[in-house]
Structure formats: C-alpha cells, structure tokens
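Notes follow once the structure below has been shown.
What you are looking at is a predicted structure, and each value in this text was computed from that prediction instead of being measured. Only heavy atoms go into these numbers, but all of them, side chains included; no hydrogens, no water, no symmetry mates. Just so you know, ligand 1 is whichever comes first in the structure, and atom 1 is the first atom listed for that ligand. In this chain, numbering begins with 1 at the start of the sequence shown.
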Amino acid sequence: MAPAISISLNDSSDVTDFVIKQGHGVKGLSEMGIKSLPEQYIQPLEERLMTRIEPQESIPVIDMSKWDDAQVANSICDAAEKWGFFQVVNHGVPLQVLDDVKRATYGFFGLPAAEKIKYSKENSSSNNVRFGTSFTPQVEKALEWKDYLSLFYVSEEEAAALWPPVCKDQILEYMKSSKFLIDHLLQVLMKSLNVNQIDETKQSLLTGSVRTNINYYPICPNPELTVGVGRHSDVSTLTVLLQDNVGGLYVRGNEGEDSWIHVPPINGAIVINIGDALQIMSNGRYRSVEHRVTANGSSNRISVPIFVNPRPQDMIGPLPETLANGEKPIYKQVLYSDYVKHFFRKAHDGKNTVDFAKITN
Ligand SMILES: CC(C)(COP(=O)(O)OP(=O)(O)OC[C@H]1O[C@@H](n2cnc3c(N)ncnc32)[C@H](O)[C@@H]1OP(=O)(O)O)[C@@H](O)C(=O)NCCC(=O)NCCSC(=O)/C=C/c1ccc(O)cc1
Ligand SMILES: O=C(O)CCC(=O)C(=O)O
Ligand SMILES: [Fe+2]
C-alpha cells in the first residue's frame, strides 16, 4: 500500500491535527508508515495486558436453521444468561449482504480525508451522522486505535440525503436483512422472561432506535502498547456484530477476574451480544458483558455493529414481568438518552456505566 501523503509529525499536537482535525484518522497514520506509536495512544499497562486468555473456552455458536425449535430457543437464552455473547450461523441474513457491507466499509474508509471530514462532528450537517476516531478523544487519557462512522437511523429519506453514498445502500440493506433475526431473538429472550406478547410499546422499547457503526482498525506499529477498543459493554438492547476474518475481539470470561475469551471469526457468522438496556430490563438475568478489541500489527480489520436500542425518550427499567414473582428490582427507571449521554461523556471504563441505573441503598 503506497503512503498517501508524506508529512512530518513532530509533536503530539501535529498528530492530533492530522488525525482528528484533518480527518486522516489513525488509518492515515498507519498508511504514512510510522514506525512507532505516537505517545497519546499508549495505554496504561493494565489496559494493555490480558493476563489470562482461555484457549479452551469459547462462546456458543448457535445454528439458527431450525429457528422455531425449542432447543434453539434454550441455547439463545442460556447464552444470554451465561456469556452475554454468542455467534449465529444459518441466520437468514444473505451472505452476499454481509460481503457487500464489508466492501462498502472499505469503500468509505478508502475515501480521501477531505471527503470523510465532511462527516465529522464539526462539519456534519446532522448529529445523526458522525465520522470520528477513538471513542471520546476530548476526555480520554489514552486514545484508541480505531476510526469509525456512526449512523443513527431516522428514515430512508434522511439516510438517502445524509449518509455517504459510497456505503449507504449496503448498510441499509444489512439493517433491513437483519430485522427478522433481531425480532426473533428478542421474542425468544422475552418469552423466557414471561413476556409472551411483544406489543407496540414493548417493540419500541426494545428496538425503537437503531445505530449502525462501521469501524476501521488499521495496522498498528506497536499493537501491544495500545487497544483497538477499550473495555466496555454496549448500551444497546442487543448488538448484531459483523466482523471480518482477522480476529481480535475478546469477551470477559467467567473464570475469575482476568479471564478473556477470543471470539474467533467464522465465515458467514454474526456475533450477537446483550447490551446494558436488556440487562436492566431483564433485572440482571441477561448479561451485558465487557469486551475489547486488540490492535493488530499485520492486518487491517473492520467490523460493523448494529446497535438495536430503546428510543432516546424511553424510560428503561426492569420489566414488570421480571418482578411479578416478588423479585427485587436491582435497577431503577432511567431516561434512555440520559443513560447514553452518561456513556458517551467518559472514556471506556468497563462495566461501570450500568451503575448509573443501579438502585443503591
Ligand atoms: C443521547 C444520544 C446518543 C445523543 O443525543 P443528543 O442529545 O441529540 O445529542 P448529540 O447528538 O449532540 O450527542 C450528545 C453527546 O453524545 C455523544 N455522541 C453522540 N453520538 C455519538 C457517537 N456515535 N459516538 C460517539 N459519541 C457520540 C457525544 O459525546 C455528544 O457530545 P458532544 O461531543 O458534545 O456532541 C441520542 O442519539 C440517543 O439517545 N440515541 C439512542 C440510541 C443510541 O445511540 N444508543 C447507543 C448505542 S451505541 C452502543 O451501544 C455502543 C456504542 C459504542 C461505540 C463505540 C465504542 O467504542 C463502543 C461502543
Ligand atoms: O470491532 C469489534 O469487533 C467490536 C466493536 C465494539 O465492541 C463496538 O463497536 O461496540
Ligand atoms: Fe461493543
């Protein structure tokens, strides 16, 4: 890959200017061929090391071809309780749609910086379309080695007008094709909480807003010193995550404090994870599990999460059905947009976001 540009970056403000203000992203740094990691990307030691990776443990892989089968439903609910993460195969989303969205992701990040910067927070004509880098660079002590485009879905018309033409149709198709899978998973998960009927209000509480991100993790000169994404749990109801064949996503395991489990890429599979909103609504029964992404020294990596969420104006808390047998609520009712703002206001800090909704006494 030929370096797109050749400039010298003398200090950290040059790096910030190049990456954030000019919109080159960490992809631009990587393609310049820098030999060592700029200091603002060096993570504290405890964030870099995963002391125990469990090679013999793995999250479940669930075959959805018999999607109506009671055993499939059991596997889904067990995985959501025990791991908070699972992969699905034969899920009904056409493999062509997955390939197309991966290609479109490369298409967007392959645009010149001058094109991508049009979608940055400062320049974007809407808050619903945002190109950025790291997570919340204004408040992070150490930055993350990732560029992203985040698209909050409002309507076809808005997407047609505002989303980048190079990836708009492919992302919309991926979202549409995932809908049956999402609704089916939620129906199964709800049934096991004694929510037998998903009426309009519940449907909107579970799936009322959708945000799709496309993530780009370029080759990193010192991958062991930084992270692709730091430890966090998603604030969604559930996340549908497409990853490519590079690997590097790790999920907190059940074998004590520092156990991490790799989520191996499986061709054609989709990763599903439970988010904080569903942990809260299920009163803790389904787990929103901490995860992270390592940086890679030899391959670029992409991923495409669809975050399925309540609407910003929804109040979320334990569903009445989960408390019907006298179970004590662990969480209070919170306004979902307050919860999300709390998440975006600080750097990634593992599972601490959910404390915002915890009942303390
Ligand atoms: C509360 C929101 C997020 C913002 O509403 P707003 O009041 O109209 O305000 P803004 O759009 O101006 O954004 C407020 C702040 O939120 C942050 N933010 C607004 N979207 C963004 C954005 N995509 N990116 C990173 N900051 C943002 C950002 O900090 C921003 O502050 P500022 O920088 O001062 O503009 C609203 O869109 C909302 O409730 N959306 C509901 C659906 C939703 O987006 N849910 C989140 C699903 S995302 C998820 O589960 C995980 C995401 C994730 C992402 C990256 C990771 O590394 C790891 C995980
Ligand atoms: O890139 C991945 O595999 C996961 C990214 C992630 O956790 C997120 O965007 O919330
Ligand atoms: Fe995540």
Heavy-atom distance to [atom]: which of [options] wins?
{"atom": "atom 6 (P) of ligand 1", "options": "Gln313, Arg311, His232, Lys341", "answer": "Lys341"}
{"atom": "atom 28 (C) of ligand 1", "options": "Arg130, Glu144, Arg292, Arg345", "answer": "Arg130"}
{"atom": "atom 9 (O) of ligand 2", "options": "Asn213, Ile214, Asn215", "answer": "Asn215"}
{"atom": "atom 45 (N) of ligand 1", "options": "Phe307, Phe131, Tyr336", "answer": "Tyr336"}
{"atom": "atom 44 (O) of ligand 1", "options": "Lys121, Arg211, His348, Glu122", "answer": "Arg211"}

Report the part of [X] in contact with ligand 2, treating N, CA, C, O as backbone and CB onward as side chain, heavy atoms under 4.0 Å; options are side chain, backbone, both, neither.
{"X": "Asp234", "value": "side chain"}
{"X": "Tyr148", "value": "neither"}
{"X": "Leu241", "value": "side chain"}

Are any non-hydrogen protein atoms located under 4.0 Å from [atom]?
{"atom": "atom 31 (O) of ligand 1", "value": "no"}
{"atom": "atom 49 (C) of ligand 1", "value": "yes"}
{"atom": "atom 17 (C) of ligand 1", "value": "yes"}

Where ligand 2 meets [X] - atom numbers and elements under 4.0 angstrom, heavy-atom basis:
{"X": "Arg301", "answer": "1 (O), 2 (C), 3 (O)"}
{"X": "His291", "answer": "7 (O)"}
{"X": "Pro305", "answer": "9 (O)"}

inquiry  = Please work out, at 4.0 Å between heavy atoms, whether the side chain, the backbone, both, or neither of Phe344 comes within that distance of ligand 1.
reply    =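 Both of them.
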message = One residue to check: Lys146. Relative to ligand 1, which of side chain, backbone, both or neither has a non-hydrogen atom less than 4.0 Å away?
response = side chain
ask   = Does the N or O separation between Val235 and ligand 1 drop below 3.5 Å for any pair?
value = yes
query = Do any nitrogen or oxygen atoms of Ser150 come within less than 3.5 Å of a nitrogen or oxygen of ligand 1?
reply =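 Looking only at distances, the answer is yes, because the N/O contact criterion of under 3.5 Å is met.
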message = Are any of the N/O atoms on Ser303, whether in the backbone or the side chain, positioned under 3.5 angstrom from an N/O atom of ligand 2?
response =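 Yes; at least one N/O pair falls below 3.5 Å.
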request  = For Lys118, enumerate each residue passing the salt bridge (Lys or Arg N to Asp or Glu O under 4.0 Å) test, keeping only those at least two apart in sequence or located in another chain.
outcome  = Glu115
key: Sidechain N-carboxylate O distance under 4.0 Å for Lys66, Asp63   =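 Answer for the salt bridge query: no.
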key: Side-chain donor-acceptor contact under 3.5 Å, Glu140 with Thr136   = no
Which residue and heavy atom of the protein sit nearest [atom], plus the separation:
{"atom": "atom 4 (C) of ligand 2", "result": "Val293 CG2, 3.7 Å"}
{"atom": "atom 43 (C) of ligand 1", "result": "Asn309 ND2, 3.6 Å"}
{"atom": "atom 38 (C) of ligand 1", "result": "Pro312 CG, 3.7 Å"}
{"atom": "atom 10 (P) of ligand 1", "result": "Asn127 ND2, 3.7 Å"}
{"atom": "atom 2 (C) of ligand 1", "result": "Val340 CG1, 4.2 Å"}

key: Cut-off under 2.8 Å, centre the Fe ion (ligand 3), protein N/O/S atoms   = His232 NE2, Asp234 OD1, His291 NE2
request  = Decide whether the shortest distance between a heavy atom of Gln138 and an atom of ligand 1 is less than 4.0 Å.
outcome  =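 A heavy atom of Gln138 does come that close to ligand 1.
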